[in-house]
Visitor: 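Quick one: structure below, then a few questions.
Letters A, B, ... mirror the listed sequences (proteins, then strands); counts begin at 1. As the structure is a prediction and not an experimental result, all values here were calculated from the model.
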2 protein chains.
Amino acid sequence: MIPSQDELRRLHAEICSGVADPIRIAILYVLNEGPVNVTDITARLDLPQPTVSRHLRVLRDTHLVLSERQGQNILYKLTDPRVITALDLLRDVYHARISAQVRVLNSSQ
Amino acid sequence: MIPSQDELRRLHAEICSGVADPIRIAILYVLNEGPVNVTDITARLDLPQPTVSRHLRVLRDTHLVLSERQGQNILYKLTDPRVITALDLLRDVYHARISAQVRVLNSSQ
DNA sequence: TCTGGATATTCGGATATGCGAATATATCTA
DNA sequence: TAGATATATTCGCATATCCGAATATCCAGA
């Protein structure tokens with residue numbers, strides 16, 4: 001059975017909602033430097049461990065990251081480096097927009 | 001004053017939350033084909049006009065779209081085509097991931 | 001200035017999301 | 001198997017988001 005357009009958009013939005021949180025964005029950029037376990041993420045971001053675990057679950061559920069047990073630890077890594085590309089793009093769009101606004105404000109002094 | 005890392009991540013997440021909704025994604029892809037007014041968006045997506053207006057406001061607030069009055073109508077357009085690039089990337093990441101899962105399932109029959 | 005078409009806002013309620021705190025589960029090692 | 005470390009889950013609550021329905025605002029033209 002072919003998924004409807006609506007269903008595809010729902011799924012698309014679901015992935016997007018995975019990146020719609022500051023903590024998850026921070027985690028993704030940490031993972032962009034290489035696979036890391038939960039304790040290290042917790043330490044690098046200075047956040048409570050349960051908080052990190054809950055956000056990691058969201059990232060897993062939205063297929064943005066993958067996990068792999070390594071003995072006592074669980075190693076997390078990006079599913080795909082393009083996740084960071086997308087995040088960078090959105091950030092750039094924002095910056096470009098704000099810069100344009102600043103220019104307009106300055107030029108109308 | 002320099003915005004903190006946390007503040008930057010909050011802003012980054014805010015933009016991302018702009019694309020974290022199926023209706024808004026649909027609107028963005030409509031706008032990708034060129035500037036459109038609210039009535040046309042409403043017709044093309046077959047949605048109630050207040051619903052479209054509310055989502056357009058979110059898109060404006062997150063700097064993802066721009067609006068411009070043209071007489072009686074208001075023309076909306078993408079702030080930056082890279083918004084669509086980012087959306088496509090995230091969709092591709094998802095598809096690649098799901099395809100990989102399907103392959104694993106099939107190969108283990 | 002009145003009218004109609006285009007767009008935006010508000011309200012109330014349902015649902016979702018995030019967090020801290022506490023606790024559970026899993027794995028290794030002695 | 002007991003203890004220690006790593007990770008995940010649950011609960012209760014506060015907050016945010018979404019929607020439909022109703023209504024308000026804005027602008028062009030008669």
Visitor: Under 3.5 Å, which protein N or O atoms sit close to an N or O of nucleotides 6-8 of chain C? Give each pair with its distance.
Guide:
from	atom 1	to	atom 2	distance (Å)
C/dA6	O3'	B/Asn73	OD1	3.2
C/dT7	OP1	B/Val38	N	3.4
C/dT7	OP1	B/Ile74	N	3.0
C/dT7	OP2	B/Thr39	N	2.6
C/dT7	OP2	B/Thr39	OG1	2.2
C/dA8	OP1	B/Tyr76	OH	2.7
C/dA8	OP2	B/Ser53	OG	2.8
C/dA8	N7	B/Gln49	NE2	2.7
C/dA8	N6	B/Gln49	OE1	3.3

Visitor: How close or far is atom P of C/dA26 from atom CD of A/Glu68, stated in whole angstroms?
Guide: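 In whole Å, C/dA26 P lies 19 Å from A/Glu68 CD.
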
Visitor: Taking 4.0 angstrom as the limit, do A/Lys77 and A/Glu33 come out as a salt bridge?
Guide: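 Looking at A/Lys77 and A/Glu33, the cut-off is not met.
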
Visitor: Do A/Arg24 and C/dG18 share a donor-acceptor pair, side chain to base, under 3.5 Å?
Guide: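 No.
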
Visitor: Which of these, A/Leu28, A/Val52, A/Val58, A/Thr51, sits in a side-chain contact (heavy atoms from CB on, under 4.5 Å) with A/Ile23?
Guide: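 The residue from A/Leu28, A/Val52, A/Val58, A/Thr51 that satisfies side-chain contact (heavy atoms from CB on, under 4.5 Å) with A/Ile23 turns out to be A/Thr51.
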
Visitor: How far does CG of B/Asn32 sit from CG of B/Leu87, to the nearest 0.5 angstrom?
Guide: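 So the CG of B/Asn32 and the CG of B/Leu87 are separated by 9.0 Å.
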
Visitor: Is there side-chain contact between B/Ser67 and B/Leu75, with at least one heavy-atom pair below 4.5 Å?
Guide: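 Answer no - side chains too far apart.
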
Visitor: Minimum heavy-atom separation for A/Cys16 and B/Val19, please, with both atom names.
Guide: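 Shortest heavy-atom contact: CB-O, 3.5 Å.
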
Visitor: Assign each of B/Asp21 and B/Gln70 to its nearest nucleotide of DNA chain D by heavy atoms, then name whichever residue's nucleotide is nearer the 5' end.
Guide: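 By nearest-heavy-atom nucleotide position, the 5'-most residue is B/Asp21.
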
Visitor: So, is A/His55 close to the C/dT17 phosphate, meaning a side-chain N or O under 4.0 Å from OP1 or OP2?
Guide: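 No.
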
Visitor: Compare side-chain N and O positions of A/Thr51 against OP1 and OP2 of C/dG18 and report whether any pair is under 4.0 Å apart.
Guide: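 Checking C/dG18 against A/Thr51, no side-chain N or O comes under 4.0 Å of OP1 or OP2.
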
Visitor: Chain B on DNA chain D: first and last contacting nucleotide, 5' to 3', under 4.0 Å to a heavy atom?
Guide: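 First and last nucleotides in contact are D/dC18 to D/dA28.
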
Visitor: Quickly, which of B/Ile27, B/Leu31, B/Leu59, B/Val30 forms a side-chain contact (heavy atoms from CB on, under 4.5 Å) with B/Leu78? Name it, please.
Guide: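 Considering B/Ile27, B/Leu31, B/Leu59, B/Val30, a side-chain contact (heavy atoms from CB on, under 4.5 Å) with B/Leu78 is found only for B/Leu31.
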
Visitor: Do the ring planes of A/His63 and B/Tyr94 sit parallel (below 30°), tilted (30 to 60°) or perpendicular (above 60°)?
Guide: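 A/His63 vs B/Tyr94 ring planes: perpendicular.
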
Visitor: Between B/Tyr76 and B/Val38, is any pair of side-chain heavy atoms under 4.5 Å apart?
Guide: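 Yes, side chains in contact.
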
